[in-house]
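See structure below.
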Amino acid sequence: MGKDTGFMEYTRETPTRRPVSERINDWFEIYLDFPEEKLRKQGARCMDCGVPFCHTGCPLNNIIPDWNDLVYRSRWREAVRVLHSTNNFPEFTGRICPAPCEAACVLGINEPPVTIKQIEKSIIDYAFGQGWIRPEPPATRTGKRVAVVGSGPAGLAAAQQLARAGHWVMVFEKSDRIGGLLRYGIPNFKMEKHLIDRRMEQMSAEGVEFRPNSHVGHNVPVEDLRKEFDAILLSGGAEHSRDLKVPGRELKGIHFAMEFLPQQNKVCEGDTVANQILAKGRRVVIIGGGDTGADCLGTTHRQKPVSVHQFELLPMPPKERSPLTPWPLWPMQLRIEGAHEEGGIREWSVATTKFTGDENGNVKQLHAVRVGPPPKFEPVPGTEFTMDADLVLLAMGFLGPVRNGMIEQLGVALDPRGNVAADENYMSSVPGVFAAGDMRRGQSLVVWAIAEGRKAAQGVDRYLKGQTKA
Amino acid sequence: MIDPAQRRGLPVPQGLYDPANERDACGIGFVANIKGQKSHDIILKGIQVLINLTHRGACGCDPETGDGAGVLIQIPHKFFARECAKLGFTLPEPGEYGVGLVFLPVEKQERLQCEGIIERIAVEEGLGVLGWRDTPIDGSAIGRVARNSQPYIEQIFIRRGPDMTEDQLERKLYVVRKRAEIEIAHSEIPDKSFFYVPSLSCRTIVYKGLLLAPQIAKFYRELSDPDVMSALCLVHQRFSTNTFPSWQLAHPYRYIAHNGEINTLKGNVNWMHARQSILASPLFGDDIKKLFPIVTPGGSDSASFDNVLELLYLAGRDITHAMAMLIPEAWASNEHMHPEKKAFYEYHASLMEPWDGPAAMAFTDGRVIGATLDRNGLRPARYLVTHEDLVVMASETGVLPIKPEEVRMKGRLQPGKMFLVDTVAGEIVPDKELKRRLYSRQPYARWLRENQIHLHDLPEPPRAHGYDPETLLMRQRAFGYTDEDLRILMAPMAAKGEEPVGSMGIDTPLACLSDKPQPLFNYFKQLFAQVTNPPIDPIREEMVMSLISYIGTERNILDETPKHCHTLRMPHPLLTNRDLERLRRVSQGDLLCTTLNALYRADGGAKELERALDGLCRRASLAIKSGYTMIILSDRGVDEDYAPIPSLLALTAVHNHLVREKTRTQVALIIESGEPREVMHFCLLIGYGASAVNPYLAIETLENMANNGRLPEGVTFDKALKNYMKSINKGLLKVASKMGISTLQSYRGAQVFEAIGLNKALVDKYFTGTASRIEGVGLEVLAEEARLKHEHAVRPVTESDTELGVGGNYQYRVRGEYHLYNPLTVSKLQHAVQQSSFQTFQEYADLIDKQNKQFCTLRGLMEFKKGHAVPLDEVEPAKEIVKRFATGAMSFGSISKETHETLAIAMNRIGGKSNTGEGGEDEARFQRDANGDWRRSAIKQVASARFGVTTNYLVNADELQIKMAQGAKPGEGGQLPGHKVDEIIARVRHSIPGVGLISPPPHHDIYSIEDLAQLIYDLKNTNPKARISVKLVAEVGVGTVAAGVAKAHADVVLISGHDGGTGASPLTSLQHSGIPWELGLAETQQVLVMNDLRGRITVQTDGKLQTGRDVAIAALLGAEEFGFSTAPLVALGCIMMRKCHLNTCPVGIATQDPELRKKFQGQPEHAINFFFFLAEQLRQIMAQLGFRTMNEMIGRVDMLDMRAAVEHWKARGLDYSSILYNPPMPIRVARRKIQEQDHGLEQALDYKLIDHAREALENQTPIEIKLPIRNVHRTVGAMLSGEIARRYGSAGLPENTVRFQFSGSAGQSFGAFLAKGVTLTLEGDANDYTGKGLSGGKLIIYPPRASTFLPQENILIGNVALYGATSGEAYFNGMAGERFAVRNSGATAVVEGVGDHGCEYMTKGLVVVLGRAGRNFAAGMSGGIAYVLDERGDFAEKRCNRAGVDLEPVMETADIELLHGLIARHFEYTGSPRAVWILDNWSAMLPKFVKVFPHEYKRVLGIARSAEAAFVPRPEPQQQVARG
């Protein structure tokens, strides 16, 4: 299996990002191609562990050692088969997953881990390139109808699994395009959107119908769904953004990241957006140091701002894995994403105390103080400061699903955190109504969304047929 | 194997104890006058021999009660005539009457009833009863226990019928005895179990009983009467594994005395029973039916053998003929055997299978007396002949004092050879002549030519089944194939022709606990040989192995016709599709074949399955009635509706049905199945009676893999198939050899398996006779498993549905099998010990202990009963508890220096014990480090390869552990590839860097229980302060073996579970051999307690112990101490990579790679934390159960219960009552160790030697002393050497500082572990294991100066001399037995002839053989040099195993000088006439020397030379004594 001594012979190597000066002028993905020869060596670094921690580190339980080995052996066709056996959309996760698998990689105990994510991405890109990704319609149809509400990764994964299991699936999406956060949350430079279109084509051929501009509970009555479908899967995400409740929050020029980011994605799709929130010529402050913050960072840079600051409440994590999160746990450590290379100033342990604006109600200044460590975040006396800002983006996470509308109307019970509560079959308190993804588990990763979608599909299928095939 | 109903003295089966597992071994001997002159002296001499073999026997808890002894002599007519006259009846002439020695019930009424029955039967058979005689005995001469179980002993005298010849009388006496045995066994007499007839014959009489050798003449008073005379006397001293009083199990039996063990007994007996229905003999006529069953049910292996020998003999075969049939030589792969002789064996092989196993068998019919040895030569047998026509044969030399000048010749029995004294003809018949007489009896070769059919001679079939990729996946799923089957098992077999290797043991659920549907095969575990018999090395000793089998109907074995060999000869049991078609269409003579379908309706559940099985059996019976002689059981044709019957179940259903119907031998069963794919599957099918197997789906799978790039470049389907079949065949031999079985023919039907988790109803019906001790699943679950697989098969496949299941047995997979060591438990354990967090440890332990959803281990289903809780602070402190902990045997070599030393430091800090493993230990570690840490391992292991086992190693130990087996691969040897042997490892192991090292499967000094006792004695002598521990692996019967181990005076017995880790083991062994420690430990505790041996021995257990709960359960089941390997390794950073065998461990543990070793991050504290956490958890449990100390807790199985209301679909059938059984013994019988063993060291001659050598020991003053020696003086020199090593380390004393000159016959292990500075010279001869473990000392042995024979033609020393010698010199002026210098790793020796397997596995040192070398010389030899004088010029062709060595002339000056010097030295020391002669004719003799030069050694030397480090072997030639 693999190359026994590969991990001793080769070092970790990832594809290079395009030069910052080049990439900030466009919206294309930032990575250069990675030659196959190099990739195979990266595959050879996999040790084919007796206990592959990557395999459980991955929420999808991707059978990583197997496809690492197959790539090493250039057996791409089998590699993609194994990859697809656990993951409907490796082209998404291969690009935007933070790769907990790599954090759990055994090699990572004392060496840089295997480039699992890159291998995953390469396998699926190769397979698409070869034309191997064909629709797989079921041999027989069950006649059962399933409505999937929300077309993010959870909804799409569930829809594909259910369609392949023989059910009629209709996907409802409130936006004008299918894809949820994949479409309108993730900036194009991280994942180009034609990838979603490509999957939609496959899914359409497998029998999935897509209904964009269909906001269930608003322009699509919940009762219609209940009447026309044998099962409903709620996969509407956790779009309720965390707000910053400080004086001056009402000023103009202070936006949630999720107001800002989708607009740019629409523009990239060729739409025009009236009154687009733009960073161009402005002093930008991004509040929140996570992935969304980084997405805002990359997006603003491409809009040519005057300056960008990014504030994070937590202290700066260590450069190396913190001893508090030993292997194979997800490491607390400083991450430098592509967007961070592109400019801006990251500040840690900063709490915003208020905003002040001009006479027109536009934000002009941000007032902040440096704080101590969690959980108290005590302000450090004498560290108050003020910063000029005319665009403030709030990227502080999400508080769960939007509850008014569909959720209320369906009457599903919520869990203590405000997410849709579901049993081990992913069914909510209302029989026949299921939930998956962020809507069930709260804000999380795309890879979790896909995993949820697959498991929920099994639950739906079991419900519909008494037993599952998915 | 003993049926309690038949054998008085043994308990009935209870708990995990089954008397069927009882074993024994012993010393045998005979004395005879060649000319047949009867004398009383022969009997005195025989008894003398017996007394001198006493140390080979044993006694139990009563030191005055032996395990049994006996003598067989000719009927002392003069004496009986005299005595009978006194009783008022007159004896007719000798030969006209028979005498029976009869054991009877003590109670008078019952005794009379028995007597009446015999008398009536005798009369009914046309004989006349002359009278009875009370055999005078002296009850005070024997032990208390023996007395209490003593039967009433009488003799019956029976007169022949009118006109009966002596032979007819003998046959009638046989009939009378058999009828009486059967009738009394079926009678209502309460004490009928007393009844037993040691002998009833007109020629011989057997006196035996539960005696010690010296007691026999006093007990049977008439043996001292001068009128009791015989020309021959066969004697036997028994060593049994129990202390239960049994008079009947003493030898000799009616015709034989046996030393060894028949491994294939179950198969032999079953086949014998099956062929009974066609037995016929004109000599018996209708009487034959009165003899059934031929094999008395449940007799011991020796007794059963005797039963069959008796039948063959009395039905007209010569006794030597019968012996050669039952214990044939290894003929199959011997190209040099005389063709007629080979034909003789092959002809008889088609009559019946060999009785296989270690055996020195002495036999007599009262006229001839002889002995034969098994094909492996695994038991010793030495003989001498005097000028006065006296022959003495015994397990040892020196058992009878005979003046040297009276000796005409001395010899030994060689493997497969026979030795016969014909007292009627007055001659000794040597083997060659004996065999010539046998093979000339009939034109066997012609018969074979004319009647035997070879598979390849059958006509090519018009078509055969092909490859069907369309349905392949469906069928693979239906038969439960997983991705791992293809990827991990089949691909390597197809690519390399070898079974894949894995490591780190198993941590997955037993089949009966797994949630996944299992193949039926997985419910079985292979049995293996340990202690009472040795496993075989099927690679290095391939010459004794054979896969040949014969298909066809069996005939009457009492007859001998050309038709008897009208069988189909199969080179091996695997059939390609084409081969199978050949068989299916065969039509030659009465070979006729039919196919029966083995499918059933999948939706019908157990009912349908059972109906299908019944139907199959019915159709099989019909087929036999219709004249078919071969039945193919086929599961081709699986579809949407039909699932395959598990192939093993189909087979055993039909097999057992036909056995019951008594038609089994008329037909061969052939399996055509999609199911078998790995070695174990084939083993089971053949082990349960299949003649051949066609694994059609495995074949198609290979084709598919070849077509789809799943095999390496260049491996075509044809090649893959060939490789695959080769690996399966090799695997079959390996598995058989683990049980000590050499031929597939005897393995077939031998049922050497244990079932775990199958219920009684299922086993009784389909696996009759197989042990299955905890109940479990039945047909319902098997049907459900089949249904699940079938359902998976017929479900449509989408891309997202992996084609095959992931498996997850060998590597963890989320959707695969559960593992105790999974990502969560591994990381939790590491976090706990690294962060010293008991809280996290508790979380880790909960994951393992709470097997709620997922069962994995037997202990998982146990729970503690409620106790009277005590406060935690009153419980023994953790620091005391950890002293009971040991780390497992992991060799330096398998794990890195850093890991090995970290473990040692940790264990020494907490007062526990670490274990060297079998790789020796760097002497630098014997001293403490400056910081007070100690890297010395308290336990020094002594394993089969004896790597680094020097005297100094042995004395630097607190415990010496004899590894009989290893949990991960019991019954197997190991191999350390050359690339892992670096400078340090080579130094520690006394080998050469870069040269691969082999560990033999057996200890070559332990083929039997009395051998183990000898090794224990050797080690105890060398280091009297160390505990001696014996490591066993759990299997059915391990308790019985443990009892034997206790009787052999071990201080500790370790019971290892099957799941233990390993650096490398074939996956078959890893997964399928051995059983959980829970079973083995419980059985051991029960049997030791029942034998009242538990108080003498500490019991330790290991095998994936992970938590305090595990330890608590082990303690309650009877363990005092606990071993851990995997868990502490994980604590030190092991992440269960399971790649130890590749040297690529990424955390620096199981690797020698210097770069990888740097990655090791383990600290002693991590291991210490682990052990203290364990102890803390254990304390909590103790408090809860109410135990303040561990001692109170041990063996308190009453505090354990099986978890109630388990609703698991499989687990609910389990029943632990046998595990939780507590033998009802009085309170005075200890349940834990309370007293020390009596090692009997005080008799050691070495005390005298040490006394004599005191000056030399203290001041290095040279001394020289002369002393007599006898065979009862064992292990001479070892204790003295231990004293030297203790004072002077491995440097020892200057050469010749201590010199002892002995005369006489030395006992076993003469000069064992002899240290540097000691020279032992012996004028006389020596027994087995001379110079074992030689550690720098010098041994010189030559025959008595007064002897008249030629030394080079006479046997001087026994078998297995210089085993594991590490340095020193030895000069033997005579021949040595088998396996001379086996595993020599540094000694220099000169000898004048050696038996088979000389220099086997040798890795270093120098051996000169100045005469004939036996077969298989240099097998597995990888280092060192041997020079062999090859006068006949046939060494290269016939005697040397050239697989790993080059043979070269001695040409180079350095070689010539070295050789010359050694021979000169040999002459100097021994005065060898042969040495003089060679030196005198040097130029003529030199070209006849062959230099045996191992390839690997040569390669490494080449490297060394180029590195300017030329090889200079020692010793330097001694120019001053050179002659010629």
Side-chain angles (χ1 to χ4, degrees), chain A residues 1-8 47-58 60-63 65-66 69 73-75 77-78 80-82 84-88 104 106-107 109-111 133-134 136-140 160-161 164-166 206 323-329 454 467 469-470, chain B residues 483 487-488 491-492 500 502-504 507 708-710 712-713 791 795-803 806 808 810-816 819 821-827 830-831 834-835 1130 1133-1148 1153 1155-1156 1158-1161:
Chain A
M1 290 305 301
K3 184 167 188 188
D4 295 335
T5 53
F7 73 100
M8 297 155 76
M47 303 187 294
D48 188 26
C49 300
V51 181
F53 284 71
C54 55
H55 171 58
T56 46
C58 172
L60 279 166
N61 303 129
N62 281 341
I63 312 170
D66 284 16
D69 179 64
R73 295 172 194 281
S74 293
R75 283 160 49 188
R77 191 146 203 166
E78 282 168 84
V80 76
R81 182 179 60 76
V82 179
H84 265 156
S85 75
T86 56
N87 186 352
N88 296 66
V106 172
L107 191 49
I109 294 172
N110 46 36
E111 296 282 341
I133 309 303
R134 309 289 309 156
E136 294 172 45
T140 54
Q160 185 166 53
Q161 292 297 94
R164 287 179 179 177
E206 287 166 355
L324 296 175
T325 54
W327 176 90
L329 302 180
R454 291 172 64 89
Q467 59 170 11
K469 277 185 196 172
Chain B
D483 188 51
R487 194 165 50 87
I488 292 186
S503 50
M504 291 312 286
D507 57 350
N708 289 298
R710 295 200 65 165
E713 201 80 359
E791 182 193 288
R795 185 190 297 167
V797 183
T798 64
E799 189 190 27
S800 55
D801 195 1
T802 12
E803 298 186 346
V806 288
Y810 305 101
Q811 289 173 316
Y812 177 81
R813 290 289 184 267
V814 170
R815 277 167 284 271
H819 285 255
Y821 282 105
N822 55 51
L824 208 51
T825 54
V826 169
S827 53
Q830 293 185 346
H831 296 166
Q834 286 162 6
Q835 299 162 354
V1130 171
C1134 164
I1135 31 70
M1136 298 297 283
M1137 174 60 55
R1138 295 181 185 269
K1139 293 264 190 318
C1140 315
H1141 50 292
L1142 296 177
N1143 203 24
T1144 56
C1145 177
V1147 288
D1153 184 302
E1155 285 307 310
L1156 292 174
K1158 288 181 195 156
K1159 296 174 187 285
F1160 178 70
Q1161 288 172 1

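Letters A, B, ... are given to chains in the order of the sequence lines, protein chains preceding strands, and every chain is numbered from 1.
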Q. Does the side chain of A:P328 come within less than 4.5 Å of B:H831's, by heavy atoms?
A. yes
Q | Heavy-atom check, side chain of B:V814 versus side chain of A:I63, under 4.5 Å | A | no
Q) In terms of heavy-atom pairs under 4.5 Å, which option from B:V826, B:L1156, B:L824 contacts chain A the most? A) B:L1156
Q) With a 4.5 Å limit on heavy-atom distance, are the side chains of B:R815 and A:T86 in contact? A) yes
Q: Answer yes or no: is there a side-chain heavy-atom contact under 4.5 Å between A:M8 and B:D1153?
A: yes
Q) Looking only at atom types and distance, does a side-chain atom of A:H55 sit under 3.5 Å from a main-chain N or O of B:R813, one as donor and one as acceptor? A) no
Q | Contact origin within B:Q835 toward chain A - heavy atom pairs under 4.5 Å | A | side chain
(Q) Tell me if a side-chain donor or acceptor on B:Q811 pairs with a main-chain N or O of A:V51 at a distance below 3.5 Å. (A) no
Q.
Going by side-chain contact (heavy atoms from CB on, under 4.5 Å), name the residues that satisfy it together with A:S74, two or more places apart in sequence or in a different chain.
A. A:E36, A:R40, A:W76
Q.
Counting heavy-atom pairs closer than 4.5 Å to chain A, which one of B:R1138, B:M504, B:E1155, B:M1137 comes out on top?
A. B:M1137
Q) Using non-hydrogen atoms only, which part of B:N708 is less than 4.5 Å away from chain A: side chain, backbone, both, or neither? A) backbone
Q: Report the distance from atom OG1 of A:T5 to atom CG of B:N1143, rounding to the nearest 0.5 Å.
A: 10.5 Å
(Q) Taking side chain as everything from C-beta outward and backbone as N, CA, C, O, which of these in A:L324 sits under 4.5 Å from a heavy atom of chain B? Side chain, backbone, both or neither. (A) neither
Q) Rounded to the nearest 0.5 Å, how far does NZ of B:K1159 lie from CD of A:E111? A) 3.0 Å
Q. Would you call A:D69 and B:R487 a salt bridge, taking side-chain N to carboxylate O under 4.0 Å as the test?
A. no
Q: Could you tell me which non-hydrogen atom of B:Q1161 sits nearest to which non-hydrogen atom of A:N110, and how far apart they are?
A: NE2-CB, 4.3 Å
Q) Could you walk me through whether B:K1139 and A:M47 pass the side chain to side chain contact (heavy atoms under 4.5 Å, CB included) check? A) CA-CA 9 Å; B:K1139 293 264 190 318; A:M47 303 187 294; over 6 Å; no
(Q) I need the B:L1142 CG to A:D4 CG distance, nearest 0.5 Å. (A) 4.5 Å
Q | Heavy-atom proximity to chain B below 4.5 Å, by part of A:Q160 | A | neither
(Q) Shorter than 4.5 Å, heavy atoms on both sides: which option in A:F53, A:W327, A:F7 has the most such pairs with chain B? (A) A:F53
